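Have a look at the structure below, then the notes.
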Amino acid sequence: MTVPTSTTNGEGSDEGDRKAQLSRLLRLVTTGLEAAALEALLMRLMRDGRLATVSPAGDARVAMIAAAAALAPGDLLLGTARDLPAALARGLTFEAALQQAFGTAADTALGRGLPGAIHDGVLGVGLTDGNIASHLTHAAGFGHAARLRGEPRVALALFGGAAQAHGELHAALNFAALYRAQAIFVARGPLAGELPLTEAAPAWGIRAVRVPGDDGLAIWDAVAEARARAVAGEGPTVVDARLDGPLTPRDAQALQALSGWPPERQRETHDRIDRALVAARRAAEAAPPPALETLTEAVFSDRPWHLRSPE
Amino acid sequence: MTVPTSTTNGEGSDEGDRKAQLSRLLRLVTTGLEAAALEALLMRLMRDGRLATVSPAGDARVAMIAAAAALAPGDLLLGTARDLPAALARGLTFEAALQQAFGTAADTALGRGLPGAIHDGVLGVGLTDGNIASHLTHAAGFGHAARLRGEPRVALALFGGAAQAHGELHAALNFAALYRAQAIFVARGPLAGELPLTEAAPAWGIRAVRVPGDDGLAIWDAVAEARARAVAGEGPTVVDARLDGPLTPRDAQALQALSGWPPERQRETHDRIDRALVAARRAAEAAPPPALETLTEAVFSDRPWHLRSPE
Amino acid sequence: MTATTTTAAKAGPRTMNLVQAVGDALAVAMAADERVVLLGEDIGKFGGVFRATAGLHERFGADRVIDTPLNEAGIIGTAVGMALYGMRPVPEIQFSDFIYPGFDHIVNELAKYRYRSGGQFTCPVTIRTPVGGGIRGGHYHSQSPEAYFIHTPGLKVVCPSTPYDAKGLLLASIRSDDPVLFLEPKPIYRKAIGEVPAGDYEVPLGQARVAREGDDVTLVAWGAMVPVCEEAATRLSGEGIECAVIDPRTLWPLDLDAITERVERSGRCVIVHEAPRTCGFGAEIAALVQERCFLHLEAPVTRVTGFDVPFPHTLEHAYLPSVARVVDAVEASLRY
Amino acid sequence: MTATTTTAAKAGPRTMNLVQAVGDALAVAMAADERVVLLGEDIGKFGGVFRATAGLHERFGADRVIDTPLNEAGIIGTAVGMALYGMRPVPEIQFSDFIYPGFDHIVNELAKYRYRSGGQFTCPVTIRTPVGGGIRGGHYHSQSPEAYFIHTPGLKVVCPSTPYDAKGLLLASIRSDDPVLFLEPKPIYRKAIGEVPAGDYEVPLGQARVAREGDDVTLVAWGAMVPVCEEAATRLSGEGIECAVIDPRTLWPLDLDAITERVERSGRCVIVHEAPRTCGFGAEIAALVQERCFLHLEAPVTRVTGFDVPFPHTLEHAYLPSVARVVDAVEASLRY
Ligand SMILES: Cc1ncc(C[n+]2csc(CCOP(=O)(O)OP(=O)(O)O)c2C)c(N)n1
Ligand SMILES: Cc1ncc(C[n+]2csc(CCOP(=O)(O)OP(=O)(O)O)c2C)c(N)n1
Ligand SMILES: [Mg+2]
Ligand SMILES: [Mg+2]
């Protein structure tokens, strides 16, 4: 099996391509700013004792956002609470993020997860605050089902370096490859001594590509290609988008080089983000906690006798 | 990491070497005959409804015996009930094997395992009738402990192709390599579409060698070398001794070529085996089942109030 | 028994054994709903070690009767993923003794996905797995793990004891939008024989079956312990002692009323199960019955169970509840 | 509180919290016996997420305080192998919520190795893991899994509620030749403060602690529910109702006599635990108490427990037993 490194870094030659490139870079960079601002706010609220444990994405947010950006509606994004930036890239609003973080009655998941553990059935996002690797197997199964049903949907699972050691990874990559699951596995975060997955992948017979963790456009392209292949029945891909050194803000640099993102536009963006965050925070702080009787709701599709409400 | 294939097939040039070679071949071949005869008897008894499920070793017995032959006293041999031939190679008697298979009062494990699931604390043998891969992790831990204690002991775990898919393998090889555990993992049985472990091994950073599954002497050498390396602090080894085609009786052929194992000696051996098996079977059939009160014994080191005897 | 073919079956009820009824239910479910897929070790071409899926691979193909690698976490984990897609996967775990490598997926993912997402994601997975001993299976082919799953909020747990119930409950389980642990009593896979309607029907989850009425003592048992209790009841009836035998069928959520109604009349309750006694499901039933029927009880609720030891091999029949042990317990309750 | 250093400690008892007592026990055990090794995620240089192993890596080195990859099956499975070698490994599972990937090793290997080998192989492994909620941990950092382990023959299960017991029981557990699940009540890791003797001592396994005597109602609780019951008892005492509070400390094998002796006097028993009610350890205690004390009971044995739902986040304090709920249950028992 060949394990090429992605190099399709958008070499389009005409004006249309340039525009597309520009809009993609703009999306990556602005979503990155939104995610960074949200993370800073959540961390502040956690330190003030207002929120439970927050898992910051840090520099991994570049990969999270770019990977999610390559998905289509109907795809499923899985990850851990740390992957909140990917949910933003799929359309999660600041307000939804803050209602979830505060666990209010307005949270679509009824205030049941730690900050960042977004579950959104409409956007197709499931981020867990539990086992850091179980969702890899879920992605394999979702992608297997998609192939069986012959539908152009994929599952994408984000994961960190520690998950590489877990038995779940062994199961997920093996099952996914065996059944040509329409699944994509994206490693993000620091490469802290683990073997790059391009080198480990032969064990599972899965296609693997490696992309610099700070090159959002390259990650987007690699995931888009993986998606196209998966949907075409060519099987799953592991994209190793981990950073093995300090981050270079490549997307921002590319944006500058391409368009000269003017400072006033930048300022506008920052202002818009700040205002939106303030409003979102206000809404979440004003929202009540979930009603007591929700404690015993949504355990099952029905409500058997033993699930009375607390008084 | 280099993954050489073992070629040290005993090229000794002087008479001493020839003698050693001969005695090793004789041991492999006669233990093979013993194991085959025992297996045939157990299978017959199972078909007659006299025994519970027997897991036959079949052609994998060559690798089981050769691997076990390379161990030293104090080492621990782990495997599944299928690996019974390896226990014979470590010194298990026919009688002990039959007492165990019949689950009598004379079984050292109190009649608690399925046929072949030998547990012998003196010989250092633990063969499970349960999860076909859990003992891989145990071997990693035993070998880790040996290194920590600075003692020249190893654990050897035999396993089949199906275990390659299990999360236990991922954990065991990863932990073993990381801690330079004094452990050896030997794959035996048919290679039925799985990737040879020499090709998969980089995922775990473990040394791997591949040896033909019907070349007992080569397997013995490969395990002996793995043992020497492990004890020298050079880490664990996976020996892939699976058969990827029909078996050639290489050891018997080599024995013939070297010495011309005379037919009368062969007949003697067969007769000795038959007589020993008959006697062992008689002893086991004459033995009573374990006493009723043993049902609640050896659950703990003590016997708490809730573990009364059955009436 | 003579089992007719599936197509001929449309004609009327057939006599079959419990494992055939399981296979029949799977065929009906798969024919009715494309989203139903089976997955497990050796369930395809080979038809499963107990032949529960025999013929289904030929009929429905390798994409719907999926042979998997030996990896229970992978089997259950991918089933969760398939369910998130909208399928109705029915994984088989070859022996319930080997379900534990997938335990994390069951208790932390399958059981919690609906709750943790506030009802947005559901996991209609039905895990089929054989339970029970007395078949010379030793530690690892004999266990009865129901209590682990009953203790886990978010799971429904089913265990039939007749072919009729096996088929009807399995169809109801597969169609339920909740995760179900469907525990099949393998000691009576072939011994339990009965009439099974052709085609489609469901036995609703959460309703007990009264295998026998009787006002002296109320026996509660499931799976392979039901025929043991029935035999004990027959024997006791010869001595003029009439026992009710309640088979909850759905272990959780339990049809508690079916039990308490009868205990209110009998004042005596004996629970029988194969699993080790301590923290077994018998403890929960005992706790509930004494909470609800306290003023009616003439004797403590007692339990006839497996011992608190790993499942043995040679001594398995000393371990398992027997007719004699059930009879003794009933008599002890009456003497109290 | 001011905790003196380990060497200075030789002088006399120190005031410390529960997690410090755990660390103290580990240091004592490791100093006394070279075979004791610790392993787990982030327990080495980092000292563990709750700081239980803080300072031990520096003192005993990386070979005895072993940082592992994130793989609970690997952690517990290799601990079993180390024990087979003759070591006394003490694995830490960072949160008991993450113990399930290692569940197969616990229930099928660790618990059964002695039995299946007829006593030839033993596994003196002590698995330390934090349990309990109310610390804003959500589904996966709050669970109380004791019932799963109590139901598994071959395991001893311990859960201290004071620093003194934490140290003494952990030392006894590590030296026991049996596998022990050592459940540490993390909600009171820092809140439970008390005097702890310097150096070596053991609290024997299998003996309850009577936290309070009282003849009106017998309360049974462990871990973080002990202080809840003590507070309820204090409040009730103000109304003239005297409750005993029994802390089994070793959950299994249970010191049943300590409970039944008092229930024979009080006729009333209320069990309090964090885990979901159904098939929780409370069910077993209720079943045992009504079996043993039937003629003494004035009211049903009742339970104040978590709800049968996955552990929630925002509503965790509605889920958990509170002083008010315990008081209500005691009063209901007295009114019965
Ligand atoms: C199975 C499991 N074990 C332990 C934990 C506790 N835990 C949460 S995050 C973490 C470290 C994760 O490592 P990393 O490689 O940084 O992954 P990331 O957090 O970036 O996803 C640990 C041990 C967990 N969530 N799941
Ligand atoms: C974890 C686990 N799952 C399922 C089983 C049931 N089982 C016993 S043997 C077997 C097949 C084993 O495959 P193979 O590759 O032939 O290994 P071998 O029997 O040669 O060791 C299965 C599925 C088991 N023992 N352990
Ligand atoms: Mg990390
Ligand atoms: Mg095989």
Side-chain angles (χ1 to χ4, degrees), chain B residues 46 49-53 80-81 99-105 107 109-117 128-134 159-171 193-194 287-300 303-311, chain C residues 41-42 49 67-78 93-105 133-143 276-280 283 303-322 324-325 328-329 332:
Chain B
M46 174 180 70
R50 305 278 319 279
L51 291 181
T53 304
T80 72
Q99 296 285 11
Q100 192 278 337
F102 277 101
T104 73
D107 171 25
L110 300 177
R112 288 172 178 177
L114 297 185
T128 182
D129 48 7
N131 185 317
I132 47 84
S134 300
F159 65 102
Q164 190 168 340
H166 211 278
E168 289 297 323
L169 178 112
H170 187 68
E194 300 93 3
L292 254 195
E293 59 268 22
T294 65
L295 180 66
T296 51
E297 284 173 8
V299 179
F300 294 117
R303 188 150 166 166
W305 63 268
H306 69 290
L307 287 171
R308 297 137 309 178
S309 279
E311 297 95 60
Chain C
E41 295 159 12
D42 302 319
V49 292
D67 275 316
T68 67
L70 197 153
N71 189 313
E72 290 78 12
I75 293 168
I76 300 171
T78 55
I93 298 298
Q94 201 168 82
F95 292 87
S96 62
D97 316 62
F98 299 126
I99 205 165
Y100 309 114
F103 200 72
D104 187 46
H105 273 293
I135 55 147
R136 304 214 278 188
H139 307 303
Y140 299 111
H141 302 79
S142 307
Q143 297 173 31
R277 165 172 320 211
T278 299
C279 261
R303 296 175 280 169
V304 179
T305 68
F307 286 77
D308 282 320
V309 303
F311 200 95
H313 179 218
T314 308
L315 296 180
E316 63 178 343
H317 291 291
Y319 169 94
L320 287 169
S322 60
R325 281 173 63 197
D328 285 352

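All figures in this text were calculated on a predicted structure; none of them were measured in a lab. Below, read A as the first sequence line, B as the second, and so on, with proteins coming before strands; counting in each chain starts at 1.
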Against chain C, label [X] side chain, backbone, both or neither, depending on which of its atoms sit under 4.5 Å from a heavy atom there.
X: B/Leu295; result: both
X: B/Phe300; result: neither
X: B/Ser134; result: neither

Item to check | Side-chain donor/acceptor of B/Thr296 to backbone N/O of C/Asp308, under 3.5 Å | outcome: no
Item to check | Backbone of B/Ala165 reached by a side-chain donor or acceptor of C/Asn71 within 3.5 Å | outcome: yes
Which atom names give the shortest non-hydrogen contact between [X] and [Y], and what distance separates them?
X: B/Ala291; Y: C/Leu315; result: O-CD1, 3.6 Å
X: B/Arg303; Y: B/Arg308; result: NH2-C, 4.2 Å
X: C/Phe307; Y: B/Pro310; result: CZ-CB, 3.5 Å

For chain C, which candidate among [options] shows the most heavy-atom pairs at distances under 4.5 Å?
options: B/Thr53, B/Leu110, B/Leu114; result: B/Leu114
options: B/Pro289, B/Gly113, B/Gly167; result: B/Gly113
options: B/Gly111, B/Ala163, B/Ala298; result: B/Gly111

Pick one of side chain, backbone, both or neither for [X], based on which atoms fall under 4.5 Å of a heavy atom in chain B.
X: C/Asp97; answer: neither
X: C/Tyr319; answer: both
X: C/Ala318; answer: both

Item to check | Option in C/Gly137, C/Pro310, C/Gly138 with maximal non-hydrogen atom pairs under 4.5 Å from chain B | outcome: C/Gly137
Checklist entry - Have B/Gln99 and B/Thr104 got a donor and an acceptor in their side chains that come within less than 3.5 Å? => result yes
Checklist entry - Between C/Tyr140 and C/Phe95, does the ring centre distance come in under 6.0 Å? => result no
